[in-house]
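If you're wondering where the values come from, they're calculated on a predicted model, not measured in any experiment. Throughout, protein chains are lettered first and strands after them, A, B, ... in sequence-line order, and every chain is numbered starting at 1.
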Protein chains: 2
Amino acid sequence: MVGVSPATVSRALAGTGLVAEPTLSRIRETAAALDYRPNVSARNLRTQRSMAILLVVRDAGNPFYLEVFKGVEAAAREAGYSVLMGNTEDDPVRETEYFAMLGDGHADGMILMTGKLPAPNDTRATGDEPVVVALEMVEGSGYPHVVIDNHAAALSAVNHLIELGHQNIAHITGPLPEPMSQRRMEGYRTAMKLAGLAIREGFEQRGDYLLESGVQCCRALLALPVLPTAIFCANDEMAFGVIGELNRQGVSVPDDVSVVGFDDLFLSAAFQPPLTTVSQPRADIGRQAMTILLSRLSGAAVPDEPVVVATQLKVRGTTAPPKSLTTQHQGRHQ
Amino acid sequence: MVGVSPATVSRALAGTGLVAEPTLSRIRETAAALDYRPNVSARNLRTQRSMAILLVVRDAGNPFYLEVFKGVEAAAREAGYSVLMGNTEDDPVRETEYFAMLGDGHADGMILMTGKLPAPNDTRATGDEPVVVALEMVEGSGYPHVVIDNHAAALSAVNHLIELGHQNIAHITGPLPEPMSQRRMEGYRTAMKLAGLAIREGFEQRGDYLLESGVQCCRALLALPVLPTAIFCANDEMAFGVIGELNRQGVSVPDDVSVVGFDDLFLSAAFQPPLTTVSQPRADIGRQAMTILLSRLSGAAVPDEPVVVATQLKVRGTTAPPKSLTTQHQGRHQ
DNA sequence: TTGTATGCGTTATCAA
DNA sequence: TTGATAACGCATACAA
């Protein structure tokens, strides 16, 4: 040592302000010189905290989660936490595993972005763990939620199409038992109903958020007796599938058919034409979730109502008035 | 307890095979019943390992790294490791921070995907830390590397354009002091040289891997006296910028100008038209890096030559023969 | 095959 | 303002 007790060193380096000036700087200097850093495991054992949080997502390969991660990571860093990323691949076993990591000291808290809890039979989830759910809904769980208003967002997207003059508007849903897909579909239905528009047979196609299902649903739509002039997709990825298929079939976007997505993925604006879509403030969502988790960890109160963050409809190049309208319009003027 | 010493429990749960059968299952059962899990911090302190590795990337917002993460995570999980993701934002301070996390027990090893080491003056990097570098090159560092052959990949991309009949081929580079950008540029130059083609003034534009620089470089290219009929971009993101700008200027891809990218991003194949690009096996790269790191951690030998993983040119919709050729061709037949 | 005892490197309590 | 001391929960060397 430098002639001082370990306790004093600990206090000095922790910045408790309980160490007098001559010693303080001397300790700091020699710590820097020796490149000394307190051992994390020992500290964790002593303090009973790991200063790490777990971000559990459905599919780590989906860029969607990246921006959320960035928000989480930024807020975590500021508070001295590291972020462990967990990937469930929609596997309940994995979910249980990650949940268990809360109990064994791996992490102090968790941000859940999967819609499920571990199987109820062997669940460790009593509802009072330091868990925050982001974007998904774990019904009746008692955890704080950070959400977007999927219903309102879908409604505004469809309204945009209606305002452009579309009447035959189709919808490609997400996987359907899920609340998120359900809400978006209900938003679509509400918008149609409020506008007095009928949803024709086959205009609701069931997708699964993946590109290929966009392609399939688009084919089904094109086989219908009455074709839609606009398609609202429950996410961007399926919208890309739809647009690709439309192009292959010689249908022009947005001249023949308008397409709206949901998510505003990385590069969705760079698409040709740029995709009209609902943008979610993903980094904000991550940051909010982390902030709530931090309050929870510090023993403060957490909101018992879901925190709703605002979405924004980005009107870009894949939506236009329907052809019938533009034709009529041109007709009148010529 | 269940009438047995802590040591026996430890041995039983660790699966050392040193516990007799009647006791073994009894311990396991009661552990399961009590939902007991060994405390991670205590184990880490005792074993002097954290069973965590650190994946440090340049920009966690870039989907490019996601697939690498998946590969790393998969290999890590199999070996019982967790993955901590670090985000440097190209900030040397952060890089030093993450490097320090190796020393303080936060992580046992690190996979570096940034091209730099911490500033040499206060570096902890002596060259024998458990570090594996992936895709980037840290020259003279002594760390094992997992790389792709950027030179050969760029060469094959440009050769593809040459085989299509292009002669005026431009290149948009990455940020230029960096080895990766350098190699790709050299691949471009080699291909041109081998084909006896001249690189015209202004045909090498300097980008920075971001979308906007693709747009800017494209404008510069369009202002040239002789226009290129093909553009090889050092990554997909810039290629998207280029294609967008070409479209805005009324230049058709691939009819007027062919574009080739590099990376094969998520959804690059879903682009309209689908992007011709160099595909890197990102998950494999992550897995390889992690595998090497695991050998290193277990004391085994690591390759002292860079491990090269193969890339693949994905020929899709943004490349075609140059207009002059197709016109001549049509001319002959008409 | 099992139990006993020690120490991993901190932080926190208490006393000085 | 600082020092001595105990304890965090486990894994292991050694003894039984």
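Here the nucleotide nearest the side chain of B:A20, chosen from D:dA11, C:dT4, C:dT1, is C:dT1. For B:L45, counting side-chain heavy atoms from C-beta on, the closest listed nucleotide (C:dC8, C:dT10, D:dC8) is C:dC8. Comparing C:dT2, D:dC10, C:dT11 against the side chain of B:R11 picks out C:dT2 as the nearest. Among D:dT2, D:dG9, C:dT10, the nucleotide with an atom closest to any side-chain atom of A:R46 is C:dT10. The side chain of A:A7 sits closest to D:dA4 out of D:dA4, C:dT10, D:dC10.
Counting to the nearest Å, the P atom of C:dT2 and the CG atom of B:L24 are 9 Å from each other. Distance CZ (B:R49) to C1' (D:dC10): 13 Å, rounded to an integer number of Å. Separating the CG atom of B:L18 from the C1' atom of D:dA11 is a distance of 12 Å, rounded to the nearest angstrom. Taking atom CZ of B:R43 as the reference point, atom C1' of C:dG7 lies 17 Å away to the nearest angstrom. As rounded to whole Å, 18 Å separates atom P of D:dC8 from atom CG of A:N39. Nucleotide D:dA11 holds its P atom 8 Å from the CG atom of B:L13, rounded to whole Å.
Contact between A:D264 and A:S279 at its shortest, heavy atoms only, is OD2-OG, 3.4 Å. Shown here for A:Q288 and A:V307, the closest heavy-atom pair between the two residues is OE1-CG1, 3.9 Å.
When each of B:E95, B:E136, B:R94 is paired with B:T114, the side-chain contact (heavy atoms from CB on, under 4.5 Å) condition holds for B:E95 and for no other. Each of B:D104, B:D108, B:N44 was compared with B:S50 under the side-chain hydrogen bond (donor to acceptor under 3.5 Å, both in side chains) criterion, and only B:D108 meets it.
A sub-4.0 Å separation between OP1 or OP2 of D:dT2 and a side-chain N or O of A:T23 is present. Between A:Y36 and C:dG9, a side-chain N or O to OP1/OP2 separation shorter than 4.0 Å is absent. In this structure, A:T47 does not reach the C:dT11 phosphate: none of its side-chain N or O atoms is under 4.0 Å from OP1 or OP2. Between A:T8 and D:dG3, a side-chain N or O to OP1/OP2 separation shorter than 4.0 Å is present.
Nucleic acid contact class of A:S10 (heavy atoms, under 4.0 Å, all strands): base. Among the protein residues, A:V40 comes within range of no part of the nucleic acid, since none of its heavy atoms lies under 4.0 Å from any strand. Residue B:S41 is classed as having no contact, given no heavy-atom separation below 4.0 Å to the nucleic acid.
Residue whose closest nucleotide on DNA chain C sits further toward the 5' end, between B:P22 and B:Q48: B:P22.
Not a single donor-acceptor contact under 3.5 angstrom links the side-chain atoms of B:R37 to the base of D:dG9.
Looking at heavy atoms from C-beta onward, B:R296 lies out of side-chain contact with B:Y143 at the 4.5 angstrom threshold.
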